[in-house]
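Here the structure comes first, spelled out in structure tokens, and everything after it is commentary.
Naming: A, B, ... by sequence-line order, numbering from 1 per chain.
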2 protein chains.
Amino acid sequence: MANAKLYKGSLNTIILKLLDEEGKMYGYEITQKVKQLTKGELQITEGALYPALHKLEAEGLLDVEVAKVDNRLRKYYKLTDRGTKETVNRLAELEDFIRSMQQLINPKWSIQ
Amino acid sequence: MANAKLYKGSLNTIILKLLDEEGKMYGYEITQKVKQLTKGELQITEGALYPALHKLEAEGLLDVEVAKVDNRLRKYYKLTDRGTKETVNRLAELEDFIRSMQQLINPKWSIQ
DNA sequence: ATTTATACCTAAATTACTTATGCATAAGAA
DNA sequence: TTCTTATGCATAAGTAATTTAGGTATAAAT
């Protein structure tokens, strides 16, 4: 499962959830964190990530803070108040979706 | 959660899995079955379903059989041999994806 | 008689990606 | 010392899976 595709629609929620947990992260860090947490299963491409971050910022869900570390640029993102509230909604939606999928593909899972 | 969106990429796998379980189904029946199994959570739109069925058929994963019931047309779909094999792969992929998502959004889930 | 349910279909628009490319610095290997 | 890999950002073109919005037709229910 070298480069498993990311199911469309879940990227934004993943970003929000990670920022909710970690407080603040920069783009590259997010890609590495996802790779690590999923044991290489999910690979976030930069072509998807950076536009997504910009859009979440434009929507007022994220704030940016630029930093320079080792003479290299980093853009730290963190949730705004609205972002924190929205994270709750999107997580609930994604969890509902996951439960629905489990109902469909493996009814036994959902009983316990 | 009136009309929860379907995360893109999962529709084909849902179709294949249902056909694997039920043997044969027609389009409208699939939409109703998904609605029932997910308690209305997931709504498959016809604009997504029919093109998906046609594509799976064109790929050689489904066979079609036309029937007339109560003077109304029904197109029953069932898995071909290749379709049955492919269902195994796609289900495994989707299950991997779901596990990855659980790692990301709720690490505790995956331990159990 | 009108609406709702059943049953199929397609086309345009939208959306979220992938793929490809670019720039720049730091670190490690040859 | 030069080349590659890792770190870090970015955008643009192309693609694919949807949504939305129509369309046709029969049966059942109000």
Side-chain angles (χ1 to χ4, degrees), chain A residues 1-16 18 24-36 40 42-59 61-62 64-77 90 93-94 97 100-101, chain B residues 2-16 24-36 40 42-59 61-62 64-77 90 93-94 97 100-101:
Chain A
M1 218 109 312
N3 42 347
K5 69 165 169 286
L6 204 57
Y7 282 71
K8 302 191 179 189
S10 50
L11 177 57
N12 284 350
T13 307
I14 290 173
I15 293 171
L16 294 173
L18 287 179
K24 66 173 187 176
M25 300 180 84
Y26 56 99
Y28 187 78
E29 188 183 9
I30 293 175
T31 67
Q32 301 307 303
K33 188 74 178 176
V34 168
K35 206 193 285 184
Q36 172 224 316
L42 253 49
Q43 304 265 15
I44 294 187
T45 60
E46 298 182 327
L49 177 67
Y50 291 113
L53 286 171
H54 301 159
K55 201 186 169 202
L56 288 169
E57 189 196 350
E59 287 168 0
L61 303 183
L62 300 187
V64 157
E65 181 197 328
V66 177
K68 204 155 193 177
V69 179
D70 283 337
N71 207 33
R72 272 200 242 94
L73 196 73
R74 279 185 190 173
K75 288 194 173 178
Y76 280 98
Y77 290 90
R90 305 232 187 154
E93 259 183 50
L94 185 50
F97 168 73
S100 292
M101 290 307 294
Chain B
N3 42 348
K5 68 165 171 288
L6 203 58
Y7 282 72
K8 303 191 179 188
S10 49
L11 177 57
N12 283 351
T13 307
I14 291 173
I15 293 172
L16 293 173
K24 67 175 187 179
M25 300 180 86
Y26 55 100
Y28 187 78
E29 188 184 11
I30 292 175
T31 66
Q32 300 307 303
K33 187 72 178 179
V34 167
K35 206 190 289 185
Q36 172 224 316
L42 253 50
Q43 303 265 14
I44 294 185
T45 60
E46 299 182 328
L49 177 67
Y50 291 113
L53 287 171
H54 300 159
K55 202 189 168 200
L56 288 170
E57 189 196 351
E59 287 168 359
L61 303 183
L62 300 186
V64 158
E65 182 197 329
V66 178
K68 204 155 194 179
V69 178
D70 283 335
N71 207 34
R72 273 201 241 91
L73 196 72
R74 279 187 191 172
K75 289 195 172 177
Y76 280 98
Y77 290 89
R90 305 231 188 158
E93 257 183 53
L94 185 51
F97 168 74
S100 292
M101 290 306 293

message: Under 4.0 Å, counting only non-hydrogen atoms across every strand here, what does B:Gly27 touch: a base, just sugar-phosphate, or nothing?
response: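 Contact class for B:Gly27: sugar-phosphate only.
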message: Using a 4.0 Å heavy-atom cut-off, does A:Glu29 contact any base of the nucleic acid, only the sugar-phosphate backbone, or nothing at all?
response: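 Contact class for A:Glu29: none.
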I want to check one thing: is the phosphate of [N], taken as OP1 and OP2, less than 4.0 Å away from some side-chain N or O of [X]?
| X | N | value |
| --- | --- | --- |
| A:Asn12 | C:dA16 | no |
| A:Lys55 | C:dA16 | yes |
| A:His54 | D:dC9 | no |
| B:Tyr50 | C:dC9 | no |
| A:Arg72 | C:dT25 | no |
| B:Tyr26 | C:dA7 | yes |
| B:Asn71 | D:dA25 | no |

Could you tell me how far apart [X] ([atom1]) and [N] ([atom2]) are, to the nearest whole angstrom?
| X | N | atom1 | atom2 | answer |
| --- | --- | --- | --- | --- |
| A:Leu94 | C:dA16 | CG | P | 15 Å |
| A:Glu65 | D:dG8 | CD | P | 15 Å |
| B:Lys68 | C:dC8 | NZ | P | 13 Å |
| B:Tyr7 | D:dA16 | OH | P | 23 Å |
| A:Leu42 | C:dT18 | CG | C1' | 14 Å |
| B:Asp70 | C:dA5 | CG | C1' | 13 Å |
| B:Glu46 | C:dA12 | CD | C1' | 18 Å |
| A:Glu57 | D:dC9 | CD | C1' | 14 Å |

Lys NZ or Arg CZ of A:Lys75 over A:Tyr26 ring: under 6.0 Å, within 45°: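 No.
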Heavy-atom check, side chain of A:Val66 versus side chain of A:Arg74, under 4.5 Å: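 No, too far: nothing below the 4.5 Å cut-off.
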What's the closest nucleotide to the side chain of [X] if the choices are [options]?
| X | options | answer |
| --- | --- | --- |
| B:Lys75 | C:dC9, C:dA7, D:dT18 | C:dC9 |
| B:Ala48 | D:dG8, C:dA5, D:dT19 | D:dT19 |
| A:Tyr28 | D:dA6, D:dT18, C:dA7 | D:dA6 |
| B:Lys8 | C:dT15, C:dC8, C:dT10 | C:dT15 |

Distance (rounded to the nearest 0.5 Å) between [X] [atom1] and [Y] [atom2]:
| X | Y | atom1 | atom2 | value |
| --- | --- | --- | --- | --- |
| A:Thr31 | A:Ile44 | OG1 | CD1 | 7.5 Å |
| A:Glu29 | A:Leu18 | CD | CG | 9.5 Å |
| A:Glu65 | A:Tyr76 | CD | OH | 8.5 Å |

message: Here's a test of your reading of the structure: between B:Tyr77 and B:Gln32, which maps to the more 5' nucleotide of DNA chain C?
response: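 First, find each residue's nearest nucleotide; the 5'-ward one identifies B:Gln32.
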- request: Can you label the angle between the B:Tyr7 ring and the A:Phe97 ring as parallel, tilted or perpendicular, going by 30° and 60°?
  value: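 Plane angle between 30° and 60°, so tilted.
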